[in-house]
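Nothing here was measured: the structure is a model prediction, and the numbers come from that model. Reckoned from all heavy atoms, side chains included, excluding hydrogens, waters and symmetry mates.
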Amino acid sequence: FLGGSSSEMRLSVRGGVLAFGLVLLAQPSQAATVCVCGAGGDDSRSKAAVTASASGRSCSAPWATIGRSAWGSENRNAPDRSEAAAPGDTVYACAGTYASALNTGTGRDYVLYNPVNSGSSASPIVFVADGAVAVRAPSWGGPVIGASGRNHVRWTGPFLIDETAILTAPDTGPVVFVNATGSGVDGVTIHGNGAPWADNHVGARFDSCDQCFVRNTRIDNFKSLQGATSRNGAGVMLYDSIQRKLMGLPDADRTQRDLRLWVWHLHQGHTARDAGADSRPLQPGPRHALVRRDRAAHDRRASLSERHPG
């Protein structure tokens with residue numbers, strides 16, 4: 001170590017002459033704790049200022065909105081990766097209601113609080129509700145939390161995602177993970193608006209995801225029309241997703257008798273219509289894991305295996 005910096009010594013032979021070199025190695029970025037809080041929050045603060053004020057699960061100088069932590073900017077359309085939550089960072093949202101007036105959602109994959117950065121398997125980006133956190137977006141027009149094209153993004157704790165205060169869109173729901181790995185929700189409540197849509201109406205949708213999860217989460221009141229032109233109402237819907245885990249469903253979900261899991265078997269060369277779907281009730285219990293496994297078969301469809309450990 002020289003001058004407090006990490007370094008590496010290199011020796012090489014060039015033209016019969018021993019050359020001596022010193023190469024400074026880049027320091028890895030440090031995981032940070034950042035906070036958002038409606039009371040006393042200020043989105044104009046730099047990430048450095050928020051991080052420096054952190055103590056445990058709180059900050060004396062927090063941001064005001066979840067969007068500032070996810071986008072690195074007060075403007076969703078002008079994100080700044082260097083100012084946003086980065087791999088290994090934990091974002092604590094203090095208890096309260098966080099409302100967005102944005103109205104530019106464009107449908108099922110357009111997640112309002114989609115992080116501008118991805119985490120990694122060893123250093124995920126984690127959003128934590130530090131107390132009851134209600135998310136509202138009455139004009140948005142799409143899902144509010146999840147991850148679209150981002151990996152290792154986790155939403156944990158008592159987030160309340162209530163569709164009666166969120167404008168979602170047909171063929172989706174308020175929580176969506178698409179083209180993501182190692183991402184999911186844990187301890188969240190997802191409440192539907194009860195509207196019988198003539199299209200997919202889903203609490204949490206996973207589309208082309210790997211190693212994603214739903215843990216300790218209550219999902220209720222998602223419905224669709226039951227007729228010749230109806231689609232599917234489901235608590236959780238999986239499209240082309242593997243190693244999906246559903247764990248720790250609360251016993252309270254026993255009262256939601258029509259809550260179902262839909263799994264579409266979509267593969268290259270198949271349409272949604274000819275691929276077909278499996279539908280089954282979600283059984284509450286200490287652990288319910290469902291894994292979709294591909295198999296070599298003439299119709300190129302998938303098989304499902306369910307595990308109920310213990």
Side-chain angles (χ1 to χ4, degrees), residues 29-103 105 111-119 123-140 142-147 150 152-167 174-175 183-191 216-218:
S29 60
Q30 298 297 313
T33 294
V34 294
C35 312
V36 299
C37 195
D42 184 347
D43 283 350
S44 69
R45 291 176 176 136
S46 68
K47 182 179 180 181
V50 174
T51 299
S53 76
S55 177
R57 300 167 67 95
S58 64
C59 302
S60 59
W63 287 318
T65 65
I66 297 171
R68 175 62 178 84
S69 65
W71 314 324
S73 168
E74 298 177 62
N75 184 348
R76 190 183 187 280
N77 295 322
D80 183 344
R81 293 180 183 275
S82 67
E83 279 287 308
D89 286 0
T90 300
V91 179
Y92 290 103
C94 73
T97 297
Y98 295 82
S100 171
L102 292 179
N103 61 0
V111 179
L112 174 59
Y113 296 124
N114 192 43
V116 67
N117 292 316
S118 285
S123 301
I125 295 173
V126 185
F127 294 86
V128 179
D130 192 23
V133 171
V135 177
R136 296 181 177 176
S139 303
W140 173 239
V144 290
I145 69 168
R150 303 289 184 263
H152 302 287
V153 175
R154 303 175 182 178
W155 297 83
T156 71
F159 284 100
L160 172 60
I161 310 301
D162 187 347
E163 200 178 34
T164 63
I166 298 167
L167 178 63
V175 178
S183 301
V185 291
D186 188 343
V188 176
T189 295
I190 307 171
H191 178 67
N216 309 304
T217 290
R218 181 187 176 97

Just wondering, do [Y] and [X] contact through their side chains at under 4.5 Å, heavy atoms?
| X | Y | value |
| --- | --- | --- |
| Asn114 | Arg76 | yes |
| Phe159 | Val185 | no |
| His191 | Arg218 | no |
| Val175 | Pro143 | no |

Just by modelled atom types, is the [Y] backbone N or O under 3.5 Å from a matching donor or acceptor in the [X] side chain?
| X | Y | value |
| --- | --- | --- |
| Asp186 | Arg154 | no |
| Ser69 | Ile66 | yes |
| Ser183 | Val153 | yes |
| Tyr98 | Ala93 | no |
| Arg150 | Val116 | yes |

So which heavy atom on [X] is nearest to which on [Y], and how close?
| X | Y | answer |
| --- | --- | --- |
| Ala32 | Asp89 | N-OD1, 2.7 Å |
| Ala61 | Val50 | O-CG2, 3.3 Å |
| Ala101 | Ser139 | O-CB, 4.4 Å |
| Arg45 | Gly40 | NH1-O, 3.1 Å |
| Arg68 | Glu74 | CD-N, 4.1 Å |
| Trp140 | Val111 | CZ2-C, 4.3 Å |

Discussion item. Are there over 12 heavy-atom neighbours, none belonging to Arg136, within less than 6.0 Å of that residue's CZ?
Written reply: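 Atom CZ in Arg136 is not packed in, count stays at 12 or less.
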
Fill in: Qualifying residues under ring pair (Phe, Tyr, Trp, His ring centres under 6.0 Å), relative to Phe127, sequence neighbours excluded
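By the ring pair (Phe, Tyr, Trp, His ring centres under 6.0 Å) rule, Phe127 matches Trp155.
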
Measuring from [X]:[atom1] to [Y]:[atom2], what's the distance to the nearest 0.5 Å?
| X | Y | atom1 | atom2 | result |
| --- | --- | --- | --- | --- |
| Trp71 | Leu112 | CH2 | CG | 5.5 Å |
| Ile145 | Ile166 | CD1 | CD1 | 8.5 Å |
| His152 | Ile125 | NE2 | CD1 | 10.5 Å |

Fill in: Under 3.5 Å side-chain donor-acceptor pair for Asn75 and Ser73
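Looking only at side-chain atoms, Ser73 and Asn75 do not form any donor-acceptor pair under 3.5 Å.
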
Worksheet item: Are the charged groups of Asp80 and Lys47 less than 4.0 angstrom apart, N to O?
Response: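 Looking at Asp80 and Lys47, the cut-off is not met.
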
Fill in: Residue from Asp130, Thr33, Thr90 passing side chain to side chain donor-acceptor pair (under 3.5 Å) with Arg57
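It is Asp130, the one option of Asp130, Thr33, Thr90 that forms the side chain to side chain donor-acceptor pair (under 3.5 Å) with Arg57.
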
Practice prompt. In a single word, yes or no, tell whether Cys59 and Cys35 have an SG-SG distance below 2.5 angstrom.
Written response: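 Bridged: Cys59 to Cys35.
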
Fill in: Reference residue Trp63; test side-chain contact (heavy atoms from CB on, under 4.5 Å); the match among Asp43, Asp42, Val91
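With Trp63 as partner, side-chain contact (heavy atoms from CB on, under 4.5 Å) holds for just one option, Asp43.
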
